Structures are given as C-alpha cells and as structure tokens.
Amino acid sequence: MKNLPNSERLESDFFSKDVLEVAPALLGKTLIRLFPDGRTAKFIITETEAYRGEEDLACHASKGRTNRTEIMYHNGGYIYIYLIYGMYWMLNIVTGKEGYPQAVLIRGLENLYGPGKITKFLGIDKSFYGENLVTSKRIYICNNSNPVTYNSGCRIGIDYAGDIWKNKPWRFTLEENKKKI
DNA sequence: TGCACGATCTCG
DNA sequence: GAGATCGTGCAT
C-alpha cells in the first residue's frame with residue numbers, strides 16, 4: 001500500500017451506498033491481494049455487474065435469505081463468493097444497507113479478464129466467503145483519484161431471469177479498457 | 001435422498 | 001459447439 005501513490009483503502013461508507021452507485025464507482029479502483037507467501041498482486045478493476053434485491057430475478061437473493069445468500073443481507077463491504085458450473089468461484093462485493101441484499105460481481109481486471117480466471121489466478125475460494133474488505137489482511141480495494149469514464153450494457157449469463165431483469169443495463173465496463181480486451 | 005441447473009472456461 | 005463438475009435449492 002505504501003508504494004501505491006495517490007491511493008487509500010476504501011472504507012465501509014463507500015460500500016454502503018446503493019449497488020447501482022457502487023458498481024460503476026469500482027471501475028478504475030485497485031484490487032489488492034496479499035498471498036500467503038508474501039507476494040502482492042494489484043489489479044485495476046475494469047468490469048463489474050450489479051445484482052440488486054430480492055425482486056431482481058438474476059440476483060441469488062431472489063430465492064430469499066438462505067445460507068448461501070445470507071452475507072448479501074449485511075451492510076456493504078463483505079465478500080460474497082459462490083461456486084458456478086462446479087468449478088469456478090465468483091467474486092462478489094456486498095453493497096448497500098443491512099437487510100437489503102445486493103452485490104457487485106467482479107467480471108474483469110486489467111490484463112485478467114473473466115470472473116472464473118480472476119479467482120483462479122488470485123487464489124480466491126470459499127474461504128473468502130464473508131471476508132471484510134475494510135479489515136482483511138489478504139484482500140482489499142484502494143481508491144484511485146483519477147476520474148474514469150465507463151460504458152454500460154446487459155448482464156451476462158442470466159437468460160433465466162426474464163426480459164425485464166435480463167435487459168437492465170447493469171454491467172459496467174471501463175472505457176479505456178475496451179481496446180485491451 | 002435425489003435431481004436439474006447454473007453470474008464459466010478451455011479445448012476440439 | 002460441447003464437456004467438465006459440484007453446491008444449492010426445491011421437489012420427493
């Protein structure tokens with residue numbers, strides 16, 4: 001952190017805002033992972049998706065409060081992680097206020113695109129479920145003061161959610177990153 | 001207790 | 001374009 005100029009760790013007030021505000025705001029921020037062997041990985045976040053409330057049929061919380069979705073009902077700043085297709089861990093960040101389930105899926109990092117590839121490369125698995133980004137010693141996010149521009153589009157892989165939710169423009173991509181993907 | 005189904009990726 | 005592979009939620 002000390003050799004990352006112009007940046008500081010994001011606090012809980014950042015994550016406690018509505019997911020539709022936090023998801024695009026995470027673009028351009030730096031995700032930092034401290035590995036057990038002492039190595040540090042830093043990546044700019046380039047693509048996110050918002051999942052918002054029990055009424056959002058694409059959001060896992062649409063099934064209600066269960067063991068899996070429990071963490072999404074907390075106030076923002078926690079990690080929600082789950083297994084997809086039997087082999088890939090998806091990294092999500094819980095946002096918003098207590099009792100209103102929502103989360104941001106981290107889909108892309110600079111030079112590391114793909115939600116499954118991100119967790120594989122960063123060594124993130126179920127043990128990170130419920131991790132607090134504000135206090136964790138192995139993963140956190142830093143602010144970058146540079147302003148960013150972004151585009152929005154439809155979320156990926158949620159055909160089952162129905163037209164209304166499928167067509168919400170809740171996927172956000174860093175504009176500068178388009179040419180790199 | 002069993003079953004169908006993914007917020008995906010890699011290989012052919 | 002298909003297969004890998006398993007936790008979860010919902011139906012028995």
Side-chain angles (χ1 to χ4, degrees), chain A residues 14-15 17-29 31 33 41 43-97 99-133 139 141 150-175 177-178 180-181:
Chain A
F14 175 90
F15 300 105
K17 296 170 193 155
D18 189 88
V19 68
L20 293 180
E21 193 174 339
V22 179
L26 279 169
L27 298 172
K29 301 288 191 284
L31 177 67
R33 165 79 165 115
F43 286 99
I44 303 287
I45 297 172
T46 59
E47 183 166 334
T48 60
E49 275 179 8
Y51 291 86
R52 187 171 188 266
E54 293 182 346
E55 66 270 26
D56 177 4
L57 295 182
C59 182
H60 290 166
S62 64
K63 305 264 202 252
R65 195 165 187 153
T66 66
N67 274 345
R68 181 166 74 149
T69 62
E70 168 67 25
I71 196 67
M72 275 199 278
Y73 287 78
H74 286 62
N75 59 311
Y78 292 94
I79 286 179
Y80 166 49
I81 195 154
Y82 68 91
L83 189 67
I84 191 67
Y85 304 123
M87 48 182 101
Y88 296 108
W89 296 103
M90 299 286 104
L91 175 61
N92 298 252
I93 298 170
V94 176
T95 65
K97 299 199 168 92
Y100 191 84
Q102 35 178 244
V104 179
L105 170 65
I106 305 299
R107 294 193 64 86
L109 302 177
E110 194 172 29
N111 302 320
L112 185 58
Y113 182 77
K117 287 208 271 191
I118 288 172
T119 50
K120 189 179 176 193
F121 183 86
L122 294 181
I124 294 173
D125 59 16
K126 193 176 178 71
S127 75
F128 282 77
Y129 184 96
E131 190 96 357
N132 192 324
L133 286 168
I139 186 169
I141 297 176
Y150 64 89
N151 298 299
S152 55
C154 295
R155 293 175 291 178
I156 306 288
I158 54 163
D159 286 347
Y160 61 87
D163 287 344
I164 292 179
W165 300 102
K166 201 167 64 179
N167 294 326
K168 295 280 187 191
W170 288 356
R171 182 164 63 99
F172 306 97
T173 53
L174 196 62
E175 186 158 299
N177 195 61
K178 278 183 79 175
K180 294 181 185 174
I181 292 176

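Proteins come first, then strands; the chains are lettered A, B, ... in the order of their sequence lines, and each starts at number 1. What you see is a predicted model; the values in this text were computed from it and never measured.
Side-chain contact check for A/Tyr51 versus A/His60: every heavy-atom pair is 4.5 Å or farther apart.
Counting only distance, with no hydrogens or angles, the side chain of A/Glu49 and the backbone of A/Ile156 share a donor-acceptor pair below 3.5 Å. Side-chain atoms of A/Arg33 do not come within 3.5 Å of backbone N or O of A/Ile139 as any donor-acceptor pair.
Of the candidates A/Lys63, A/Arg155, A/Lys168, A/Asp56 forms a salt bridge (Lys or Arg N to Asp or Glu O under 4.0 Å) with just one, namely A/Arg155.
There is a side-chain donor-acceptor pair under 3.5 Å between A/Tyr73 and A/Glu54. Counting only N and O atoms by type, the side chains of A/Glu110 and A/Thr46 include no donor and acceptor under 3.5 Å apart.
Partner assigned to C/dT5 is none, using Watson-Crick or G-U wobble distances below 3.5 angstrom. Pairing partner, B/dA7: none, since no Watson-Crick or wobble contact has both distances short of 3.5 Å.
Atom CG of A/Leu57 and atom C1' of C/dG9 are 15 Å apart (whole Å). At whole-Å resolution of the value, CD1 in A/Ile81 and C1' in C/dC6 are 15 Å apart.
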With B for base contact, S for sugar-phosphate-only contact and - for none (protein heavy atoms under 4.0 Å), nucleotides 4-12 of chain B reads --BBBBS--
